[in-house]
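Protein chains get the first letters and strands the later ones, always in sequence-line order, with residue 1 at the start of each.
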Amino acid sequence: MPELPEVETVARGLNQRVRGDRIIQAWFGKRPQTFKTPRARQAKGLAGLTILAVHRTGKHIVFELGAEAHLASEPAQNDATAAAAQWIVHLGMTGRLLVTAPDCPLAPHTHARLDLASGREVRFVDPRRFGRLEFRDLRNSSAAFEAPGAEPLTIGAREFAGLFRNRRLPIKAALLNQTLLAGVGNIYADESLFQAGIRPRRRTNRLTAAELERLRLALREILTYAIRLGGSSVSDYVDANGEKGFFQLEHCVYQRTGEPCRRCQTPIRRIELVGRGTHYCPICQR
DNA sequence: CATTTCACCTGGTGGC
DNA sequence: TGCCACCAGGTGAAAT
């Protein structure tokens with residue numbers, strides 16, 4: 001399931017491959033749930049725009065789009081002031097965003113295709129349809145997209161502690177709440193709690209300052225390392241080039257129920273928390 | 001308001 | 001081999 005490292009990997013791949021390209025026209029499927037902006041408005045809005053840059057915010061992929069053609073090397077990354085519009089893609093559980101040749105066979109559950117001036121296509125494929133596509137025309141008073149929560153890679157110690165100090169919910173539930181931190185999902189919540197030695201059910205307001213700081217650093221380290229390995233390919237995740245990631249080989253607890261802890265050999269335990277499978281080591285995490 | 005539960009989806013899995 | 005119940009989980013709406 002795409003979380004911050006997977007979404008970052010996809011966004012980087014897209015930025016490398018389609019930055020500077022121009023959208024000739026766009027096609028959209030008929031499943032209404034996929035479209036946060038009505039499909040007709042997306043198709044009309046995207047046609048003719050140039051891709052200035054592609055980047056990640058939280059779990060969202062943002063295409064910065066310009067009304068005029070720019071040199072691919074010219075626009076600064078994240079230069080929202082130059083952007084006339086944005087195309088915002090959330091991959092949900094099973095979403096894929098791929099750059100393909102036009103004669104590449106159309107995968108089942110393809111919900112969107114962008115025809116590019118270079119002759120290639122950007123395709124959005126999503127069997128389970130938890131993904132979302134949104135178009136924002138910044139020329140029409142729409143605000144630029146902002147993720148609701150803080151960025152786990154750059155948040156400071158004081159702000160991080162402030163997010164959790166006055167809450168009573170389990171720390172794992174807090175990590176999954178995108179309005180607090182943006183980008184952490186089930187895999188990296190479990191992995192970072194293991195690394196920090198904290199049990200998932202612990203109430204956030206009962207965590208010590210030292211524990212919160214361990215958690216902040218664990219998140220940063222794990223997310224950074226996972227990005228370097230191209231993310232975790234559990235389920236059917238692949239990047240914009242169709243390549244799998246390798247961080248799943250590094251998992252210490254996620255989907256390792258009953259297997260020995262890599263640190264102390266105790267069998268990894270699985271519980272259900274806020275409706276999610278949750279994995280931890282009963283010895284290493286307190 | 002804070003927190004918890006549930007519906008939305010389909011492919012893969014395991015039991016018989 | 002085939003059938004089917006069941007499960008995975010990101011998000012937002014509804015319930016508590």
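Using a 4.0 Å heavy-atom distance criterion, A/Tyr188 is classed as making no nucleic acid contact. Residue contacts shown for A/Gly277 are limited to sugar-phosphate atoms, with no base heavy atom under 4.0 Å away. A/Pro108 comes within contact range of no nucleotide atom at all, as no heavy-atom separation falls under 4.0 Å. In this structure, A/Arg132 reaches neither bases nor backbone, as no heavy-atom distance under 4.0 Å exists between it and the strands shown. At the heavy-atom level, A/Arg129 lies under 4.0 Å from the strands shown only through sugar-phosphate atoms.
Linking ILVMFWY side-chain heavy atoms closer than 4.5 Å, directly or via other members, places A/Tyr280 and A/Ile187 in two distinct hydrophobic clusters.
For the pair A/Leu4 CG and C/dT11 P, the computed distance is 11 Å after rounding to whole Å. One can place CG of A/Leu176 at 15 Å from C1' of B/dT5, the figure rounded to the nearest angstrom. Rounded to an integer number of Å, the gap from CG of A/Leu180 to P of B/dC1 is 15 Å. Note: CG (A/Leu91) to P (C/dG9) measures 17 Å, nearest angstrom. Taking atom CG of A/Asn205 as the reference point, atom C1' of B/dA2 lies 12 Å away to the nearest angstrom. Here B/dC1 presents its C1' atom at 14 Å from CG of A/Asn166, a figure rounded to the nearest Å. Taking atom NZ of residue A/Lys59 and atom P of nucleotide C/dG10, one finds them 5 Å apart after rounding to whole Å. Protein atom CG of A/Leu169 is 13 Å distant from nucleotide atom C1' of B/dC1, rounded to whole Å.
Aromatic ring orientation, A/Phe145 versus A/His60: tilted (interplanar angle from 30° to 60°).
Between B/dT3, B/dC8, C/dG12, one nucleotide has an atom nearer to the side chain of A/Arg167 than all others, and that is B/dT3. Taking every side-chain heavy atom of A/Arg203 into account, B/dT4 is the closest of B/dT4, C/dG10, B/dC8. Here the side chain of A/Pro170 is nearest to one of C/dG10, B/dT4, B/dC9, namely B/dT4. In this structure, the nucleotide among C/dG9, C/dA8, B/dT10 sitting nearest to the side chain of A/Asn186 is C/dG9. Proximity note for A/Arg168 (side chain, C-beta onward) versus B/dG11, B/dT3, C/dT11: the nearest is B/dT3.
Between A/Phe130 and C/dT11, no base-stacking contact is recorded for ring centres under 5.5 Å apart and planes less than 30° from parallel.
Residue side chain A/Arg128 reaches the base of C/dA8 through a donor-acceptor N/O pair under 3.5 Å, judged by distance alone. A donor-acceptor contact under 3.5 Å is formed by the side chain of A/Arg276 with the base of C/dT11.
Taking only side-chain nitrogens and oxygens, A/His90 comes nearer than 4.0 Å to OP1 or OP2 of C/dT11. Between B/dC9 and A/His109, no contact under 4.0 Å exists linking OP1 or OP2 to a side-chain N or O. Between C/dT11 and A/Gln178, a contact under 4.0 Å exists linking OP1 or OP2 to a side-chain N or O.
Neither side chain, A/Glu3 nor A/Tyr237, offers a donor N or O lying under 3.5 Å from an acceptor on the other.
Contact check on A/Arg56 versus A/Glu6 returns no salt bridge, with no Lys/Arg side-chain nitrogen under 4.0 Å from an Asp/Glu carboxylate oxygen. No salt bridge links A/Glu134 with A/Arg132; every basic N to acidic carboxylate O contact stays at or beyond 4.0 Å.
When atom types are taken as modelled, the side chain of A/Asn15 and the backbone of A/Arg19 share no donor-acceptor pair closer than 3.5 angstrom.
Toward the 5' end of DNA chain B, the nearer of the two residues A/Gln33 and A/Gly275, judged by each one's closest nucleotide, is A/Gly275.
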